[in-house]
Structure formats: C-alpha cells, structure tokens
Amino acid sequence: MKKKLLISMTMVLFLVTGCGKVAKLENGQDAVVTFKENEISVDNLYSEMKDRYALSVLLDMIDEKILNDKYKDDEEQKESIESQIESMVQIYGRGSEANLLQQTASAYGVTTMDGLRDYLTLQYKRNLAVEDYAKTLVEDDEIQTYYDEKIFGDISAKHILIKPKTKDGMTADEKTAAEEEALKKANDLIKKLDNGEDFEKLAKENSDDEGTKEKGGVLDPFGHGSMVTEFEEAALQLKDGEYTKEPVKSTYGYHIILRVSQKEKPQLKTVRGNIIDDLYKDKMTEDKAINIIALEKLREDYKIKIEDKNLKTQYENYLTNSKNSARESD
C-alpha cells in the first residue's frame with residue numbers, strides 16, 4: 001500500500017496516537033483503543049478509514065497539486081472566494097463565522113475559515129479546469145458558422161427608450177393600459193421624426209434611458225451580444241442614417257433606433273477567442289458528466305497513476321458511477 005499518498009489520514013492517526021509514548025499491542029502495533037480482551041490498532045483504524053474516505057481525500061490532494069500548478073492564484077480568484085465567503089456568512093451563518101463553521105463542519109468537514117478558503121479555492125480552480133476542457137470541445141466548423149452568421153462590425157447608433165409606467169400592485173388591465181400608452185408615445189415620436197424633427201432633441205426630451213438621454217440617445221459602439229437580441233436584430237436590418245419605422249419591443253420597453261454607421265466585420269482571428277467563450281457554454285450543458293470527464297482528462301495529462309490496487313479500483317468505479325449518475329439525471 002502506498003500509505004504516503006494518504007497524508008491527511010496519516011495525520012489523523014498521528015493525532016490519535018499522539019507524539020509521546022504509545023501503548024503497544026502484543027503484535028507490536030500501536031494501540032488506538034484498548035478494552036477488555038480486545039483492542040483497535042492503528043492499522044485497524046487506517047484500514048477502515050482507507051476503505052471509507054481515502055479516495056475522496058486522495059482526489060482532493062491530487063487535484064490541489066495539479067490545479068495549483070496549472071492555475072496560479074490571482075486577484076480575480078481571491079475576490080471571488082471572499083465574495084462567496086461573505087455571502088455564506090450572511091446566508092448560512094446568519095452573520096456569524098462561528099455559525100457558518102458549524103454548517104461547513106458537517107457539510108464539508110471544514111472547521112476553520114482558512115480551511116473554508118482552501119475548499120472554495122479548490123472548487124474554483126476545478127471549475128476553471130472544466131471550462132478550459134469545454135473550450136477544447138469547440139470545433140473549427142462551429143466557430144466558422146458562428147462567425148459567418150452572428151459576428152458583425154461594430155454599430156454606432158442612437159436610441160430613444162420609452163418605458164411603460166408600470167408599478168407593483170397594478171392590475172393586469174392597468175399594466176396593459178400602461179403598455180399601450182408607452183407604445184402610443186413611441187409611435188408619436190416616430191411620426192415627429194417622419195416630419196423632420198431632430199432625433200437627439202427628441203431623445204433629450206423624451207427618452208427614459210438615463211444613461212444616454214442627455215447625450216441625445218447616443219450609444220457606445222456595439223457588437224454581437226452587447227445588446228438585447230431584439231435591439232441587435234433591428235439595428236442590423238437598418239441602413240446607415242435610417243431609423244426604425246415601428247417601435248422595437250424589449251424587456252426594457254419600446255426603442256426607437258437610429259443607425260449611424262457600421263465598421264467592417266473583424267477578421268476571424270481577432271474574435272476567435274470571444275466566439276469560443278460563447279460556444280463553450282453550450283458544451284457545458286450538452287454532457288452532464290463534463291465535470292467528471294474534464295478532471296479525469298486533466299489527471300491523465302499530468303500522468304497521475306494510482307499505485308494502490310484497491311484505490312485504483314475505487315477510482316475507476318467512481319468515474320463510471322459518477323458519469324452514469326450525471327447522465328441519468330439529465
């Protein structure tokens with residue numbers, strides 16, 4: 001048996017037996033517990049712990065070493081972990097770290113805040129590994145199709161937003177009336193544009209978008225994914241200098257869009273990474289076992305070999321059962 005791999009278990013045994021004199025059994029083994037006509041040795045305890053807990057501890061140790069090598073700590077990670085802890089303290093600890101640790105002790109076996117940070121850091125880096133694996137599954141033809149169908153040159157535009165004046169507690173009829181009033185106002189503004197009135201002047205006087213109102217409705221240039229779908233599609237259908245002849249409905253309200261100009265479509269090589277960042281998310285949902293597979297592949301890349309036969313069998317069974325369970329739950 002490769003007991004050296006099970007450092008955490010060995011530490012538990014060390015704490016149990018202590019660092020001073022240890023009672024010896026007749027067979028020479030250290031005693032953990034003795035009682036009338038019987039005893040429990042260190043090896044007895046180790047064997048039980050190995051069968052029940054060793055694989056989980058071992059995988060945490062392996063993954064921690066691999067992931068700390070692959071992903072160095074950075075500020076984004078630290079901010080994410082501290083944000084999680086802050087939320088956990090409020091939600092599960094009711095504002096108290098001590099209360100939170102009572103919860104984490106039973107859920108994760110974590111009894112200190114530093115231990116919780118280590119646990120969350122491991123999960124954070126495991127998630128990074130899964131995302132990176134999912135990105136490798138994105139095929140070149142998928143990237144090309146996405147580029148051909150969805151990527152376009154940045155559009156410069158102006159808009160006027162009219163929000164329905166709805167409030168909490170309104171009846172369905174009242175909300176419908178507010179929607180109709182907003183739609184009528186948007187249509188009236190389009191008529192004013194048709195009659196030659198200035199777009200920016202109308203935006204300053206009427207738009208409900210506080211971020212662009214004072215600028216005459218001028219938006220920052222945008223590409224695919226920067227705007228809600230309805231807005232993006234409407235802007236693409238316009239020619240430079242044209243505005244929408246009907247209000248564009250979105251979750252924000254009714255938009256009147258004036259397209260100013262559009263840049264040339266960027267080359268594929270300059271947006272390839274952004275496309276992969278969009279497409280890999282689909283891969284994350286296509287196979288529910290991707291979390292298991294990604295970490296399995298990473299361990300293989302690092303040439304991890306479990307020498308202990310029992311633990312190796314446990315690991316193989318864990319992989320098979322975990323994958324099947326994840327896929328059956330789909």
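Ile292 is not listed as a side-chain neighbour of Lys297, based on a closest heavy-atom distance of 4.5 Å or more.
In this structure, Ser83 contributes its side chain and Glu79 its backbone to no donor-acceptor pair below 3.5 Å. Side-chain atoms of Thr313 come within 3.5 Å of backbone N or O of Lys309 as a donor-acceptor pair. When atom types are taken as modelled, the side chain of Gln262 and the backbone of Gly153 share a donor-acceptor pair closer than 3.5 angstrom. Of the possible donor and acceptor atoms, none in the side chain of Ser56 sits under 3.5 Å from a partner among the backbone N and O of Tyr53. For Ser325 (side chain) and Asn321 (main-chain N/O), no donor-acceptor pair under 3.5 Å exists by modelled atom type. Within the 3.5 Å criterion, the main-chain N or O of Gln267 finds a donor-acceptor partner in the side chain of Thr270. A distance-only check finds no donor-acceptor pair linking the side chain of Gln123 to the backbone of Leu120 [under 3.5 Å]. The closest donor-acceptor contact from the side chain of Ser207 to the backbone of Leu161 lies under 3.5 Å. Checking side-chain atoms of Glu174 against main-chain N and O of Thr171 turns up a donor-acceptor pair under 3.5 Å. A donor-acceptor pair is defined here as one N or O able to donate and one able to accept, closer than 3.5 Å; such a pair exists between the side chain of Tyr243 and the backbone of Asp194.
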Worksheet item: Please walk me through it: do Glu328 and Asn324 pass side-chain hydrogen bond (donor to acceptor under 3.5 Å, both in side chains)?
Response: CA-CA 6 Å; Glu328 289 170 0; Asn324 291 339; 5.5 Å; no
Discussion item. Let's go through Tyr302 and Asp69 carefully: what are the C-alpha distance in whole Å and the side-chain angles of both, what is the deciding distance for side-chain hydrogen bond (donor to acceptor under 3.5 Å, both in side chains) to 0.1 Å, and is it a yes or a no?
Written reply: CA-CA 10 Å; Tyr302 270 77; Asp69 176 71; 2.6 Å; yes
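Under the 3.5 Å distance criterion, with hydrogens and angles disregarded, a donor-acceptor pair is assigned to the side chains of Tyr146 and His224. In this model, a donor atom of one side chain and an acceptor atom of the other lie less than 3.5 Å apart for Asp132 and Tyr71. Under the 3.5 Å distance criterion, with hydrogens and angles disregarded, no donor-acceptor pair is assigned to the side chains of Asp60 and Tyr119. Tyr315 and Asn310 form no side-chain donor-acceptor contact under 3.5 Å, judged by distance and modelled atom types alone.
Annotation for Lys201: atom NZ does not count as buried by contact number, only 12 or fewer foreign heavy atoms lying within 6.0 Å. Other residues, nucleotides and ligands place more than 12 heavy atoms under 6.0 Å from the NZ atom of Lys245.
When the options Val218, Val260, Ile160, Leu189 are evaluated for a side chain to side chain contact (heavy atoms under 4.5 Å, CB included) with Phe199, the one that passes is Ile160.
Among residue pairs with one or both ends in residues 86-109, none qualify as side chain to side chain donor-acceptor pair (under 3.5 Å); sequence neighbours excluded.
Hydrophobic clustering keeps Leu193 apart from Val248 (ILVMFWY residues linked when any side-chain heavy atoms are closer than 4.5 Å, directly or through intermediates).
Of all non-hydrogen atoms in Gly241 and Leu258, the two that sit nearest each other are O-CD1, 3.5 Å. Minimum heavy-atom separation, Arg327 to Ala289: NE-CB, 3.6 Å. Shown here for Leu116 and Val110, the closest heavy-atom pair between the two residues is N-CG1, 3.1 Å.
Cation-pi geometry between Lys265 and Phe152 is not satisfied (NZ or CZ under 6.0 Å from the ring centre, within 45° of the ring normal).
Using a 4.0 Å cut-off between charged nitrogen and carboxylate oxygen, Asp278 and Lys150 do not count as a salt-bridge pair.
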Contacts table for residues 178-185: side-chain donor-acceptor under 3.5 angstrom, sequence neighbours left out:
residue	atom	partner	partner atom	Å
Glu179	OE1	Tyr254	OH	3.1
Lys184	NZ	Asp188	OD2	3.0

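Using bins of under 30°, 30° to 60° and over 60° for the plane-to-plane angle, the ring pair His255/His159 lands in the parallel bin.
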